[in-house]
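Letters A, B, ... are given to chains in the order of the sequence lines, protein chains preceding strands, and every chain is numbered from 1.
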Number of protein chains: 2
Amino acid sequence: MTTKGGGARSKRSKRNGASPQSVREPRGEPPLSLERIVAGAVELLDAEGLEGLSMRRLADRLGAGAMSLYWHVANKEQVFDLALDSVLEYRASPHVEPRDWRGDVVHMLEDWRASMLRHPWSASLLPRRALGPNILARLELLGKTLSSAGVAQADLNVAIWSLWNHVMGATVTRASFDLSKDDQAAAQQRLAGLSGRYPTIESSRLLLDDDWDGAFRKGLDFLLDGLCP
Amino acid sequence: MTTKGGGARSKRSKRNGASPQSVREPRGEPPLSLERIVAGAVELLDAEGLEGLSMRRLADRLGAGAMSLYWHVANKEQVFDLALDSVLEYRASPHVEPRDWRGDVVHMLEDWRASMLRHPWSASLLPRRALGPNILARLELLGKTLSSAGVAQADLNVAIWSLWNHVMGATVTRASFDLSKDDQAAAQQRLAGLSGRYPTIESSRLLLDDDWDGAFRKGLDFLLDGLCP
DNA sequence: ACCTGAACACCGTTCAAGT
DNA sequence: ACCTGAACACCGTTCAAGT
């Protein structure tokens, strides 16, 4: 009777007595495609976080038998990879004039960060073996912009990775700190309690500063200053 | 009989003599302290990676009953937090002269990165709610150095986080890419196959460039240039 | 071609019980 | 104070079998 938990969890469970299928849309069972799987995974991740995604729960949510996913997908890893890339699609603005390259870069990276913060699980997932097409497209656009802004070919990869690092580091840090404001306050408390062990970051209130957007933007400016003097 | 697997493992396997790992000290069972748990966790993580650490396997490795860990530790999360911090202890060099602050910062951050790369699992663990004493000590030292180098109080937190981001981003990226040289080559292959879809990063060989140390160092220099013009 | 349940080998954690 | 096994509610994945 292990299905009881899963069944109860899935929305609108009407006494699922002897129903052959888990409860799904009252009508029109959809056909279970790769797209539906990925979309469902993103929904589930948004709702329950990284830990909340299991193959069984995902299948249940899609109204499919527990093991049906494995026809469309090799394993759970792949579901993660696909969900991650799907969330990083970049809808570039029409963007007629290649005027302000610096503004372009800032905009691209702020959009990148914002996309990930909209799905906080993506942050801890990103530095991943599989770089999907959307991630590659973002890297390509970044590289192209930097290149046309005059970054030397020899410095290009370093510049790309440095900006990538800034986005990843800032996003991952923010996503994990944001989830626990209380812990944050507790940490600062602890700092204070240890009176004098960490005087600098205590007095700068490093752990309480929650202007993440500003810090991201200012840090990015510093980095771009160094990259393109 | 789901216990069969676990039972067979924990019964101090007398017959599977060739097992290099699960065998414990034949004599003198030690007393199972917090320190031993943390040390064992680090060993297990080093040997088997993030997925390889389970409470049961850890207990087995320590020669303890499966559930004994829970007397010393609240849950698995805490084991992760403790293992992570334990790996980030900073043995600062005596360091008499506060001469070259820039060199000091570079040294600190390279040590930080090296410590994490020695235990690749730590990279994907770090941006974590609990900042242990060793992590805080590193942040403190970094802040102090920057501050005494003349970074304005108003910019201090931004500077610290930017450098943190660089270390975290670079380390996580490197740790995950390093684990899959083949995938990396395959990715570049794929890039080439898509002829023209990603021309810039294809021609810069972004995915094949494996001078991680150099990229980290150069990116850090750019960042420091921007931070302290 | 697509989906399925049963089965296998695991998990983390609780708990009453042992010493 | 410290440790234990059994039990509970889960996992990912394989596989023979269904349609």
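When side chains are defined from C-beta on, A/Y198 does not count as touching A/L206, because their heavy atoms never get closer than 4.5 Å. Contact check for A/L156 versus A/I160: side-chain heavy atoms found under the 4.5 Å cut-off. Residues B/T173 and B/F216 fail the side-chain proximity criterion, which asks for heavy atoms closer than 4.5 Å. Within the 4.5 Å cutoff, side-chain heavy atoms of B/D46 are placed close to those of B/W121. Proximity of A/R113 to A/W212: side-chain heavy atoms (C-beta onward) are separated by under 4.5 Å at one or more points.
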Report summary line: Dot-bracket for DNA chain C, 5' to 3', Watson-Crick and G-U pairs with both distances under 3.5 Å, [ ] for crossing pairs, | for partner on another strand, reads ||.|||||...|||||.||
Considering only nitrogen or oxygen atoms on both sides, find all protein atoms under 3.5 Å from nucleotides 12-14 of chain C and state each distance.
from   : atom 1 : to    : atom 2 : distance (Å)
C/dG12 : OP1    : B/M55 : N      : 3.3
C/dG12 : OP1    : B/K76 : NZ     : 2.8
C/dG12 : OP2    : B/M55 : N      : 3.0
C/dG12 : N7     : B/R56 : NH1    : 2.2
C/dG12 : O6     : B/R56 : NH1    : 3.0
C/dG12 : O6     : B/R56 : NH2    : 3.2
C/dT13 : OP2    : B/Y70 : OH     : 2.8
C/dT13 : OP2    : B/K76 : N      : 3.0

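Nucleotides C/dA9 and D/dA9 are separated by 22 Å at their P atoms, to the nearest Å.
Regarding A/L32, its CG atom lies at a distance of 10 Å from the P atom of C/dC2, rounded to whole Å. Note: CG (B/L50) to C1' (C/dC11) measures 15 Å, nearest angstrom. One can place CG of A/L62 at 11 Å from P of C/dC3, the figure rounded to the nearest angstrom. Remark: C1' of C/dC2 and CG of A/L34 are 13 Å apart, rounded to the nearest angstrom. Look at CG on B/L69: it is 13 Å from P on C/dC11, rounded to the nearest Å. The distance between atom CG of A/L58 and atom P of D/dC11, rounded to the nearest whole Å, is 11 Å.
When the side-chain nitrogen and oxygen atoms of A/W71 are compared with OP1 and OP2 of C/dC2, one or more of them lie within a distance under 4.0 Å. Regarding contacts with the backbone of C/dC3, a side-chain N or O of A/H72 is found under 4.0 angstrom from either OP1 or OP2.
Of all heavy-atom pairs spanning A/V87 and A/S122, the tightest one is CG1-CB, 4.4 Å.
Using a cutoff of 4.0 Å between basic side-chain nitrogens and carboxylate oxygens, B/E48 and B/R57 are scored as salt-bridged.
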Could you go through residues 132-146 of chain B and list every donor-acceptor pair under 3.5 Å that involves a side-chain atom there, pairing it with any protein atom two or more places apart or in another chain?
from   : atom 1 : to     : atom 2 : distance (Å)
B/N134 : ND2    : B/D85  : O      : 2.9
B/N134 : ND2    : B/D85  : OD2    : 3.3
B/R138 : NH1    : B/L88  : O      : 2.6
B/R138 : NH1    : B/E89  : O      : 3.2
B/R138 : NH2    : B/D111 : OD2    : 2.2
B/E140 : OE1    : A/T200 : N      : 3.0
B/E140 : OE1    : A/I201 : N      : 3.1
B/E140 : OE2    : A/T200 : N      : 3.0
B/E140 : OE2    : A/T200 : OG1    : 2.8
B/T145 : OG1    : B/L141 : O      : 2.8

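The line from NE2 of B/H119 to CG of B/L125 is 12.5 Å long, rounded to the nearest 0.5 Å.
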